[in-house]
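Remember, it's a predicted structure, so these values are computed and weren't measured experimentally. Both ligands and their constituent atoms are indexed starting at 1 by order of listing.
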Amino acid sequence: MSVHSEDTRKVTTHRLYEMKQRGEKISMLTAYDYTMANILDQAGIDVLLVGDSAANVMAGYVTTLPMTLDQMIYHGASVMRGVSRALVAVDMPFGSYQGNSKEAFAAAVRIMKETGADCLKLEGGAEILESVNRILSAGIPIMGHLGLTPQSINKFGTYTVRAKEEAEANKLIEDAILLEQAGCFAIVLEKIPAALAERVANIVKIPIIGIGAGGGTDGQVLVVHDMLGMNSKNFSPRFLRKYADLRNIMTGAVENYIRDVKSGDFPNEKEQY
Ligand code: KIV
């Protein structure tokens with residue numbers, strides 16, 4: 001078990017709420033497969049997000065829009081098989097909940113039944129409230145996501161910081177209150193000014209998890225490939241802290257393997273039957 005917590009009990013939405021109340025920060029990372037999920041869970045991470053950022057880091061797409069419901073279910077079920085403690089949230093993919101709340105409900109039920117995940121994450125505020133209400137009415141916990149919402153990248157046209165202007169900041173606050181009142185158990189705030197994120201975290205009672213939203217939130221989330229330094233060196237937004245340089249380590253290991261195969265050094269006598 002982790003050095004960070006002696007508590008091996010399953011993390012629940014209620015326990016996240018208690019963490020906020022006692023001022024304990026919530027740690028969250030993305031995961032998309034069994035092995036990585038197992039490593040992160042054993043290290044003691046509180047929340048794992050099966051993010052639709054799988055589109056970028058697992059499938060090599062430029063945006064998150066191509067992810068399908070079946071693909072999210074595949075990733076969600078893989079992660080669930082590796083986890084015993086962390087709360088696992090699965091992103092609802094683009095197009096599965098924005099149009100029609102009945103379809104949103106059917107997609108939500110499929111994810112919950114076929115992955116065994118604990119909860120779902122949906123991007124947006126007032127405009128998706130009908131779907132949020134319908135899914136919540138079935139007892140499925142929802143994590144909201146406001147600020148930079150990557151599924152709307154074609155509307156924004158850029159990945160720069162959101163809600164710098166007063167009108168957008170006010171709408172974000174209203175949306176956060178709306179999501180809390182609807183019954184969402186937490187909200188991710190992505191790439192917004194730190195002062196605004198801290199304000200929202202003080203206004204609502206549910207946990208606010210930030211990514212590029214400063215230190216005043218109740219927890220932090222990063223894409224695991226980014227924080228482990230697996231992505232191309234060109235991707236280094238200001239908010240990203242790299243905790244390892246796995247890309248270099250892995251490249252070195254593979255280069256050594258290639259050299260050993262080419263030279264006939266691998267396998268040696270002890271490595272064969
Ligand atoms: O899909 C994702 O990885 C996310 C995080 C950036 C919060 O939504």
Side-chain angles (χ1 to χ4, degrees), residues 16 25-33 36-37 40 45-69 71-76 78-79 86-98 107 111 115 117-125 128 132 141-153 156 158-163 172 175-176 179 184-192 197 200-201 206-214 217-228 230-231 235-242:
L16 295 182
K25 297 273 189 183
I26 297 163
S27 62
M28 174 164 150
L29 284 170
T30 62
Y32 318 97
D33 64 65
M36 184 70 87
L40 305 181
I45 199 79
D46 295 316
V47 183
L48 284 178
L49 171 66
V50 184
D52 59 359
S53 51
N56 313 119
V57 296
M58 300 300 288
Y61 289 116
V62 174
T63 74
T64 58
L65 274 64
M67 277 323 264
T68 66
L69 188 56
Q71 288 166 338
M72 291 309 298
I73 288 172
Y74 168 78
H75 286 295
S78 305
V79 165
L87 180 102
V88 177
V90 176
D91 261 341
M92 291 195 70
F94 173 66
S96 67
Y97 60 95
Q98 291 94 342
I111 298 176
T115 68
D118 302 301
C119 54
L120 304 174
K121 179 164 79 56
L122 279 69
E123 295 182 8
I128 59 152
V132 167
I142 294 180
M143 178 183 281
H145 183 157
L146 300 170
L148 176 63
T149 46
Q151 291 180 11
S152 303
I153 187 59
F156 298 147
T158 160
Y159 283 102
T160 54
V161 179
R162 305 298 317 170
L172 187 144
D175 280 343
L179 291 175
C184 290
F185 75 89
I187 301 172
V188 167
L189 293 182
E190 180 165 352
K191 224 168 173 190
I192 63 169
V200 175
I206 57 175
I208 296 296
I209 316 285
I211 172 164
T217 56
D218 306 303
Q220 299 292 328
V221 56
L222 286 174
V223 170
V224 72
H225 290 64
D226 298 343
M227 60 83 75
L228 291 178
M230 293 170 83
N231 287 332
F235 183 72
S236 46
R238 188 203 294 198
F239 68 79
L240 175 61
R241 187 180 293 180
K242 290 189 182 170

*Asks:* If we only count N/O pairs under 3.5 Å, is S53 in contact with ligand 1?
*Replies:* yes
*Asks:* Just checking, is any N or O donor in the side chain of S53 or Y32 under 3.5 Å from an acceptor N or O on the other one?
*Replies:* yes
*Asks:* Please round to the nearest 0.5 Å and tell me the distance separating atom CG of D52 and atom OG1 of T63.
*Replies:* 9.0 Å
*Asks:* For atom 8 (O) of ligand 1, grab the closest protein heavy atom and report residue, atom and distance to one decimal in Å.
*Replies:* K121 NZ, 2.9 Å
*Asks:* Regarding ligand 1, does D52 bring an N or O atom to under 3.5 Å of one of the ligand's N or O atoms?
*Replies:* yes
*Asks:* Output the list of atoms in ligand 1 that are nearer than 4.0 Å to some heavy atom of D91, sorted by atom number.
*Replies:* 1 (O), 2 (C), 8 (O)
*Asks:* What distance do M28 atom CE and L222 atom CG have between them, rounded to the nearest 0.5 Å?
*Replies:* 10.0 Å
*Asks:* May I ask you to list the atoms of ligand 1 that are less than 4.0 angstrom from any heavy atom of I211?
*Replies:* 6 (C)
*Asks:* Quick one: does S96's side chain have a donor or acceptor within less than 3.5 Å of a partner on M92's backbone?
*Replies:* no
*Asks:* State, without any angle test, whether Y97 and Q151 hold a side-chain donor-acceptor pair at a distance under 3.5 Å.
*Replies:* yes
*Asks:* Using a strict 4.0 Å cut-off to heavy atoms of E190, name the atoms of ligand 1 that fall inside it.
*Replies:* 6 (C)
*Asks:* Going by the order shown, which atoms of ligand 1 are within less than 4.0 Å of some heavy atom of H145?
*Replies:* 8 (O)
*Asks:* Among protein heavy atoms, which sits nearest to atom 4 (C) of ligand 1, and what does the distance come to when rounded to 0.1 Å?
*Replies:* L49 CD2, 3.5 Å
*Asks:* Taking 4.0 Å as the limit for heavy-atom contacts, which would you say applies to T64 with ligand 1: side chain only, backbone only, both, or neither?
*Replies:* neither
*Asks:* To the nearest 0.5 Å, what is the distance between OG1 (T217) and CD1 (I187)?
*Replies:* 12.0 Å
*Asks:* Against heavy atoms of T30, which atoms of ligand 1 measure under 4.0 Å?
*Replies:* 3 (O)
*Asks:* Any chance the side chains of S78 and D33 put a donor and an acceptor closer than 3.5 Å?
*Replies:* no
